[in-house]
Amino acid sequence: MLLPNILLTGTPGVGKTTLGKELATRSGLKYVNVGDLAREGQLYDGYDEEYDCPILDEDRVVDELENQMSEGGVIVDYHGCDFFPERWFHIVFVLKTDNSILYKRLETRGYNEKKLKDNVQCEIFQVLYEEALASYKEEIVHQLPSNKPEDLENNISQILKWIEQWVKDHSS
């Protein structure tokens, strides 16, 4: 059976991982957190002192994911999206969170002041939504609210319906 590939993207702290893991559990699709994949495979290209984090080696990440993406049925979770091949994804969901809620979530993670401010600004200016629109066909890019538990349930239900319809449309 042919299964779709889904990209979950958005500013750190918007709930991609929570949504992705729960969606994988309920849909049977495979979940890949790019941050975890990079950590496990040491897919880095240096270290960013200012943000106190490793720099992702995007080419190595793409090489690492290529086979499973061509098989289909994968949910990919990452805050960037402009380096993934366009052909990989059948739909892209950009999660969006209110700034005050996002600030609290990131503060809880122990982000330094610069990282906090930059990520909240990134959300205010919808940088990742714009990046998704620039990287994929507009009709496959959708924004989803991610502020409260009900949003999570609504998003899961909406995406599960989409998957079901996609599978119907693509079965011979």
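What you see below is based on every heavy atom in this structure, not just the backbone, and it leaves out hydrogens, waters and symmetry mates.
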side-chain contact (heavy atoms from CB on, under 4.5 Å) against Leu43, all qualifying residues, sequence neighbours excluded
Leu37, Ala38, Arg60, Val61, Glu64
Can you find a side-chain donor-acceptor pair between Tyr78 and Asn33 that sits under 3.5 Å?
no
Output all residues satisfying salt bridge (Lys or Arg N to Asp or Glu O under 4.0 Å) with Glu130, sequence neighbours left out; order by chain, then residue number.
none
Using ring pair (Phe, Tyr, Trp, His ring centres under 6.0 Å) as the criterion, list what pairs up with Phe93, not counting sequence neighbours.
His142
Can you name the residues that form a salt bridge (Lys or Arg N to Asp or Glu O under 4.0 Å) with Asp118, not counting sequence neighbours?
Lys114
Kindly list each side-chain donor-acceptor pair under 3.5 angstrom involving residues 143-154, sequence neighbours excluded, with atom names and distances?
{"unit_1": "Gln143", "atom_1": "NE2", "unit_2": "Gln126", "atom_2": "OE1", "d": "3.3"}
{"unit_1": "Ser146", "atom_1": "OG", "unit_2": "Val14", "atom_2": "O", "d": "2.4"}
{"unit_1": "Asn147", "atom_1": "OD1", "unit_2": "Asp98", "atom_2": "N", "d": "2.7"}
{"unit_1": "Asp151", "atom_1": "OD2", "unit_2": "Asn147", "atom_2": "N", "d": "2.8"}
{"unit_1": "Asp151", "atom_1": "OD2", "unit_2": "Lys148", "atom_2": "N", "d": "3.2"}
{"unit_1": "Glu153", "atom_1": "OE1", "unit_2": "Arg26", "atom_2": "NH1", "d": "3.2"}
{"unit_1": "Glu153", "atom_1": "OE1", "unit_2": "Arg26", "atom_2": "NH2", "d": "3.4"}
{"unit_1": "Glu153", "atom_1": "OE2", "unit_2": "Arg26", "atom_2": "NH2", "d": "2.7"}
{"unit_1": "Asn154", "atom_1": "ND2", "unit_2": "Glu150", "atom_2": "O", "d": "3.3"}

Option among Ile75, Leu3, Val167 that satisfies the side chain to side chain contact (heavy atoms under 4.5 Å, CB included) test with Ser27:
Ile75
Could I get the full list of side-chain hydrogen bond (donor to acceptor under 3.5 Å, both in side chains) partners for Asn67, not counting sequence neighbours?
none
Sequence neighbours left out, what pairs pass salt bridge (Lys or Arg N to Asp or Glu O under 4.0 Å) with at least one residue falling in residues 34-47?
Asp36-Arg39
I'd like to check the side-chain hydrogen bond (donor to acceptor under 3.5 Å, both in side chains) partners of Gln121; sequence neighbours left out, ordered by chain and number.
none
Just to verify, what does Glu138 make a salt bridge (Lys or Arg N to Asp or Glu O under 4.0 Å) with, not counting sequence neighbours?
none
Could you pull out the closest heavy-atom pair between Lys16 and Thr11, with the gap in Å?
NZ-O, 3.1 Å
If every non-hydrogen atom of Lys115 is compared with every non-hydrogen atom of Cys53, which pair is closest and at what distance?
NZ-CB, 4.3 Å
Can you name the residues that form a side-chain contact (heavy atoms from CB on, under 4.5 Å) with Glu139, not counting sequence neighbours?
Lys137
Residue set satisfying side-chain contact (heavy atoms from CB on, under 4.5 Å) with Val141, at least two apart, ordered chain then number -> Val92, Val94, Tyr129, Ala132, Leu133, Tyr136
Sequence neighbours excluded, the answer for salt bridge (Lys or Arg N to Asp or Glu O under 4.0 Å) partners of Glu58 is none
